[in-house]
Amino acid sequence: MRHKERMEQQASPYGLDQWITFLRDKPLPIHARTKLLMRNLFDSPDASLKQFQPVIASDPVLAVHAIGLANQLNRNPDTDVSTADLAVATLGMDHLHALTEKLPVIKINHQSVPHKQYFHTIANSYHAATQATNLCRFSNPAVVNETRTAALVYGVGHWALWRYAPRQMSEVKIRIYEQGADTALAEDDVLGCTIQDISQHLAESWHLSRLAVEALRHATSPDAEMLDKLHRYAGNNDNLSDADLREVKQLLNAPFYPVKLANWLSLTVPYGWTQPKALRLIELITDFLQQPPDDVIKRLHQNCLTASRQYHIAGILSPAAMLLLLPSDQVLSYRLESPSGVSTPRVNDSPAPAPQPAAEPEAEDSPMADEALYAQILKRLGTAPSLYSDETQLLTDLLRGLRLGLGLERVALFRAEQGNLAPFKQSGFARGELLPRFTQSLKVPSLFKKLAQKPLAVWINTDNRERIWAELPERFKGICHQHSLILTSLFIDGEARYIIYADRGDALRMLSRFDFKQFKQLATAASRCLSLPPTDPDPDTDTDTD
C-alpha cells in the first residue's frame, strides 16, 4: 500500500486535462470509523435505511460517493440526486452495502502532513456547506439541501489533491505562505490550472451536483461592474436603471451565488479575517444579505461555531474553529519534510532579488535606434490607417516601430482570446527562446489578468520590481528579462485583444523612462488606428498596477 502511494505521489501531471485523467478514477477514502459504523448497521437485522442517513451525513466523503453513485443509477435525466438523504433512498440497502465495502478507508496518522491536510480540507468544505445553508435566500427545504450539497462538493479538488498529489499541494502552500503569491496564481504555477477548475471537472465526472458545477464555473462569477451595482443596490442607490435592477435581482436569486460566497469565505478567511481579500469578501456578503456589517460578521462567526461542532476529527482543529480563535501566525503544517505535529509559522523566506544593474539615464533625449523610422510609423498609425490592409499588417508595423525605430531588442505580441494568452508575433528573439511561446490563462489572478481587464501600460524597473514581481506567473518570471521590461494591452471594441512585451535583451540593460514614454505613444497610436477609443494609460501607471 505504501509503495502504491509513493508511486502515485511521484506522478507529475500538469494542466487540467492531465489532472482530471490522473484523479478521475481514484476513489477518495472514507474515515475508518465511518466504515465500522456502517458495517455495524448492516449486521443489525433491524436496521432501516433511515438509520444510515445520519452516519453518511457525518462523513462528507461517503456522502459525496453516495450522491455520485445515485446520480449514475438515476434514469431520469431531468432530475438530480442532490442530497445524501435522497441518495440513500435511491440506492437502497444492496447498492449502499456494495459501495461501502468497495471504498478505501483512511485512519488518520497524526504524524502525516497529507493525512491532516486531507481531513482539514474536508472540514473546510463542511464549513462552506454550513455557511451556504445559512446564506441561502430560499426557505424551500429541497433548495436549501441542494445548496448545502453544492457548497460541500465545491472543494473536492482540494480533497483529491491532498490525498493523491501532496507534494504539489505542499509546493502550492509554500508559494502562498512563504513567497507571498496569490492563491490562484500559485495553483496555476504548480498545477498548470486552478484547483477550482479541477473541482469543477471532477464534480462533472463524478455526477455530484449540477449546482456545484455551475457555481464552480468562472463564467458565473460576477465581474467588478456587477458587484458595484449590487453594492449600490444594497445602499439604496436610486441611480440604477431598470436593466441594472433586473441584473442585480437575478444575481441575488441565483442558486449558485451563496455557494460561491460560502466557499470564497471558507477558502479565503483562513489566511486572516483582516486581510484585504477577506474584508472585501465580507463586504460582498454584507451587500448580499443587505444587513449591517457587524450583524453579518456575528452571523458568520455563529456559522463557524456550528460547523466546528457538527464536524470534528479527533486531533484536528477544524478550519471553522480556528477562525474563532485570536489571530495567530501559526498555520497547519504544509511542508512534507517538516515535523507534522508542529504548526508552521507564516514567514516570507523567498530568496532576495538578484543584484540589479543600475538603471540607464532617464534623460528625455535618450537616443532611438532610428528616429526617422519611428516618426514615420507613428505618423502612419496616426494619420493614414487606410494604408493598412488588415490588422496583422498594422501590428507588424507596430513591432517594427518598437524594435527598429525605438530600439527595443526583444518585442513579443500575444493574442488574448477565449480567456487565454497565446503567442502571435515576435521580433528579436533567438531561436529556441521560450518567451515567444509563453501561454497563460487570463482567468487566473495575475498581472496579465489585470492587463486583460483594462488598458494598462506597466514598466517594471528597480523601484517597483519587488512589488510587481509577485503578480507574475513563475513560468513567465523564469523566461523574461529579470530586471526591466514593459507590458501593455491593446483593446478592440472594449475587449483586450493583444498584450505586448518588450525589453532590452541584455540582462544588464535597463529600460529608461524615455523608452517607456515612447513605447506608450506608439502603442496608443496603434490602438487608435485599430478604431479604438484612446487607451493611453495614466502617466502614473508605470508603477501602479492596481
Side-chain angles (χ1 to χ4, degrees), residues 14-16 19 121 124 154-155 157-158 161-162 168-200 216 218 221-224 227 260-261 263-284 319 329 331-332 334 344 346-351 353 416 419-421 438-454 456 458 460 464-480 485 487 489 496 499 541 543-546:
Y14 190 81
L16 181 60
W19 279 113
T121 57
N124 210 31
Y154 193 102
H158 293 268
L161 287 165
W162 267 115
Q168 288 89 337
M169 289 299 285
S170 177
E171 180 60 31
V172 168
K173 293 293 186 181
I174 288 171
R175 297 196 183 203
I176 294 170
Y177 283 119
E178 301 178 24
Q179 299 174 14
D182 176 87
T183 302
L185 185 56
E187 292 170 1
D188 189 64
D189 283 335
V190 175
L191 306 172
C193 59
T194 64
I195 300 178
Q196 181 175 331
D197 287 329
I198 293 174
S199 292
Q200 176 193 330
L216 283 160
H218 290 284
S221 296
D223 58 18
L227 293 175
K260 281 183 178 289
L261 289 175
N263 275 278
W264 290 346
L265 180 76
S266 69
L267 294 169
T268 301
V269 172
Y271 295 105
W273 282 101
T274 59
Q275 294 296 314
K277 280 189 176 182
L279 295 175
R280 174 60 177 150
L281 184 55
I282 292 172
E283 182 179 294
L284 295 183
D329 288 335
V331 297
L332 187 69
Y334 51 82
T344 307
R346 301 175 191 259
V347 296
N348 189 341
D349 61 357
S350 54
N420 292 290
L421 199 66
F438 174 73
T439 60
Q440 173 67 20
S441 169
L442 297 176
K443 300 174 185 176
V444 175
S446 71
L447 180 56
F448 291 104
K449 182 177 181 180
K450 290 184 178 181
L451 288 164
Q453 290 175 332
K454 61 181 179 179
L456 283 176
V458 180
I460 296 179
N464 63 16
R465 179 187 182 277
E466 183 176 355
R467 175 170 59 85
I468 298 178
W469 207 245
E471 298 187 61
L472 294 172
E474 290 296 322
R475 292 178 294 109
F476 181 78
K477 289 190 283 191
I479 57 180
C480 69
L485 59 94
L487 289 165
S489 47
I499 290 179
T541 58
T543 58
D544 184 4
T545 63
D546 293 332

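Keep in mind that this is a model prediction, so the values were computed, not measured.
- Residues E171 and D189 are not in side-chain contact: their nearest non-hydrogen atoms beyond the backbone lie 4.5 Å or more apart.
- A heavy-atom distance below 4.5 Å is found between the side chains of L161 and L191.
- With values rounded to the nearest 0.5 angstrom, L265 atom CG is found 7.0 Å from I282 atom CD1.
- Checked for salt-bridge contact, D188 and R175 miss the test: no charged N lies under 4.0 Å from a carboxylate O.
- When side chains are defined from C-beta on, K450 counts as touching L456, because their heavy atoms get closer than 4.5 Å.
- A donor-acceptor pair is defined here as one N or O able to donate and one able to accept, closer than 3.5 Å; no such pair exists between the side chain of N263 and the backbone of Y154.
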Review point. Step by step, would you call E187 with I198 a side-chain contact (heavy atoms from CB on, under 4.5 Å)?
Key: CA-CA 11 Å; E187 292 170 1; I198 293 174; over 6 Å; no

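- Side-chain atoms of Q440 and R475, non-hydrogen and from C-beta on, do get closer than 4.5 Å to each other.
- Side-chain atoms of Q453 and K449, non-hydrogen and from C-beta on, do get closer than 4.5 Å to each other.
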Exercise for review: Let me see the working for E283 and L227 under side-chain contact (heavy atoms from CB on, under 4.5 Å), right down to the final yes or no.
Suggested key: CA-CA 10 Å; E283 182 179 294; L227 293 175; over 6 Å; no

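- Heavy-atom neighbours of K443 NZ from other residues, nucleotides or ligands within 6.0 Å: at or below the threshold of 12.
- Looking at E178 and Y334, their side chains do bring a donor and an acceptor atom within 3.5 Å of each other.
- The distance from atom CD1 of I460 to atom CG of L487, rounded to the nearest 0.5 Å, is 6.0 Å.
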